[in-house]
Amino acid sequence: MLNDGTHEQKLQQIAEIEKRLSEIKDEDILLENILVAACEIVNADAGSIYSFDESSSDLTIRYSVNKTLQNRLAKGEKLPFSSFKMTATSQSISGYCALNKTIINIPDVYNMDEFIDKEKTKPRPYNFNQLSDLATSYRTKSMLTFPLTMTNGRVLGVLQIINAADNEGNIIPFDTDSEFYISHFASSLGQVYEYAYLTKQLIERLIRMAGYRDPKETGAHVERVSSFSVEIYDRYASNKNIPKKEREKFRDTLKLAAKCHDVGKVAIPDVILKKNGPLTDEERSIMKGHTCIGAQIFTPVESELDAMARDVCLHHHDRWDGGAKGYPGRFEDYMSFEPGTPVPPVTQIFKGEDIPLAARIVAVADVYDALRHMRSYKKEWTADMTFEEIQNERGKQFDPDLVDAFVQIRNRLEAINKSLTPEE
């Protein structure tokens with residue numbers, strides 16, 4: 001164990017990290033931060049975090065970090081997006097960890113002992129998958145894998161950190177101190193993770209309710225728009241040198257608020273919402289009212305999430321240039337709007353940076369998703385056609401800086417789109 005002074009410093013560091021994590025509302029953002037924090041606590045070079053569905057035994061990788069590979073990239077760039085789902089079995093390290101709720105500490109994954117307990121009475125069922133190392137020219141050596149559990153003992157995920165380093169940067173095994181600190185950290189995360197998990201469930205129930213009304217707005221669409229929005233913001237924030245603390249707080253709220261952009265459609269009449277074919281001018285005007293209805297749902301504002309969700313609902317169809325196709329404009333009396341009636345004509349345009357940043361971001365993400373996917377009234381557009389169209393709207397429908405960020409992360413957006421699009 002470290003000396004008493006260093007030990008106390010490490011526990012204080014963990015306490016400060018836990019306090020910061022407790023302020024995060026979105027489950028996905030929380031998972032990212034848990035992984036980054038775990039690597040920081042024990043000076044690990046890389047790692048991954050998985051969610052675990054006990055009902056199906058599915059393990060889904062949610063986020064990965066790798067300092068060595070990240071340092072090879074230019075400022076603002078991210079490692080290629082990767083996502084996969086697998087059935088947890090005892091043949092994989094993460095699967096064994098989840099199914100048995102046990103810690104696995106391996107000094108060298110290429111030279112593992114044949115047994116998994118100290119008495120050497122139980123054969124090791126799992127092996128290390130070398131494919132990722134081969135694809136990236138990276139050398140995984142030490143690995144520490146932990147289950148993440150809720151307060152009731154339910155396994156929500158798996159934390160896997162890789163390649164502990166000493167003060168000179170040499171790769172070393174994870175020692176008993178590392179096990180202690182990560183175990184202490186992981187055990188205290190149950191309540192924090194549970195809160196974020198339940199918040200996500202609440203938002204998803206709201207989205208599901210709206211989805212029952214509108215068959216065109218699927219859960220997959222909502223998840224994609226949310227993920228696209230965070231990626232666009234990350235690149236925008238990097239380009240603008242927005243401070244890390246401000247960036248993390250905004251992106252956490254944005255991840256949830258973006259999912260709510262069309263919840264107002266829950267109050268649009270079926271004859272319009274489910275109509276096959278073009279809408280009349282009056283029907284289109286009634287449909288536009290979903291912006292006001294969504295804002296009404298998040299009013300009165302009780303939190304930062306309420307405020308951003310209201311802004312996103314109300315203004316994600318306003319145009320950067322204040323053009324006539326944008327709506328509902330500077331409509332401060334949106335609470336007086338009655339569902340099923342035409343939205344009032346725009347009397348005061350709302351344009352440029354007056355439009356809240358979150359709404360400007362979702363505007364790009366929403367159109368990107370709509371163009372890349374088939375609708376009852378249109379075929380799926382190609383990636384080239386979609387990016388060309390959005391670039392053509394730079395400075396017109398969309399914030400120019402956000403379009404620039406959008407174009408810079410094309411490959412990442414396309415990878416996310418593929419990952420989050422259900423197979424036909």
Side-chain angles (χ1 to χ4, degrees), residues 1 10-11 14 17-18 21 27 30-31 34-65 84-130 132 140-164 171-194 197:
M1 182 66 68
K10 184 64 71 173
L11 291 179
I14 293 173
I17 290 172
E18 290 168 358
L21 294 180
E27 182 188 13
L30 176 63
L31 290 176
I34 287 173
L35 178 58
V36 171
C39 291
E40 177 185 340
I41 290 168
V42 295
N43 197 28
D45 184 60
S48 297
I49 195 162
Y50 303 77
S51 61
F52 179 60
D53 185 338
E54 285 191 338
S55 62
S56 63
S57 293
D58 283 341
L59 267 174
T60 304
I61 192 165
R62 302 292 289 274
Y63 190 64
S64 295
V65 295
F84 65 87
K85 180 185 294 185
M86 63 182 182
T87 300
T89 69
S90 293
Q91 281 68 55
S92 71
I93 297 170
S94 55
Y96 187 93
C97 172
L99 295 174
N100 293 277
K101 302 182 182 180
T102 189
I103 300 167
I104 303 175
N105 188 349
I106 305 172
D108 187 346
V109 295
Y110 284 87
N111 295 286
M112 286 192 278
D113 292 335
E114 288 301 315
F115 301 90
I116 62 173
D117 61 354
K118 294 179 181 179
E119 289 74 27
K120 296 187 176 181
T121 59
K122 188 184 298 185
R124 169 178 58 81
Y126 49 76
N127 291 291
F128 172 65
N129 189 332
Q130 303 178 21
S132 179
T140 300
K141 190 172 184 182
S142 55
M143 178 182 286
L144 185 59
T145 309
F146 266 80
L148 295 172
T149 60
M150 293 174 67
T151 53
N152 62 5
R154 176 186 173 189
V155 177
L156 281 178
V158 170
L159 173 65
Q160 190 169 77
I161 49 179
I162 296 168
N163 286 357
I171 302 303
I172 59 174
F174 290 97
D175 56 18
T176 55
D177 286 345
S178 297
E179 279 198 42
F180 173 80
Y181 291 124
I182 293 298
S183 181
H184 179 75
F185 176 59
S187 64
S188 66
L189 290 174
Q191 190 170 0
V192 175
Y193 193 174
E194 187 171 354
Y197 174 81

Inset, instruction - Provide the closest heavy-atom pair for S90 versus L99 in the form atom of the first, atom of the second, distance. - result: N-CD1, 4.0 Å
Inset, instruction - Check whether any side-chain heavy atom of F174 lies under 4.5 Å from a side-chain heavy atom of Y181, and answer yes or no. - result: no
Inset, instruction - Would you indicate whether the side-chain heavy atoms of Y63 and V36 approach each other to under 4.5 Å? - result: yes
Inset, instruction - Determine yes or no for a side-chain-to-main-chain donor-acceptor pair under 3.5 angstrom, with N105 supplying the side chain and L144 the backbone. - result: no
Legend entry - Within-4.5 Å side-chain heavy-atom neighbours: F185 and E18: yes
Legend entry - Sequence neighbours excluded, every pair satisfying salt bridge (charged side-chain N to carboxylate O under 4.0 Å, His left out) that has a member inside residues 98-111: D108-R139
Legend entry - Close side-chain approach of H184 to L11, heavy-atom, < 4.5 Å: yes
Legend entry - Taking every non-hydrogen atom, the tightest pair across P147 and C97: N-SG, 3.3 Å
Legend entry - 4.5 Å side-chain heavy-atom contact, T87 and L59: no
Legend entry - Validation row: Y126, M112 side chains within 4.5 angstrom (heavy atoms): yes
Legend entry - Side-chain heavy-atom pair F180, K10 within 4.5 angstrom cut-off: no
Inset, instruction - Check side-chain contact (heavy atoms from CB on, under 4.5 Å) between T60 and all other residues, then give those that pass, not counting sequence neighbours. - result: S51, R62, K85
Legend entry - Any side-chain donor near an acceptor of the partner, N100 and T102, under 3.5 Å: no
Inset, instruction - Say whether, by atom type as modelled, one donor and one acceptor occur between the side chain of S142 and the main chain of A164 under 3.5 angstrom. - result: yes
Inset, instruction - Output yes when a side-chain donor or acceptor of E54 lies under 3.5 Å from a complementary backbone atom of V155, and no otherwise. - result: yes
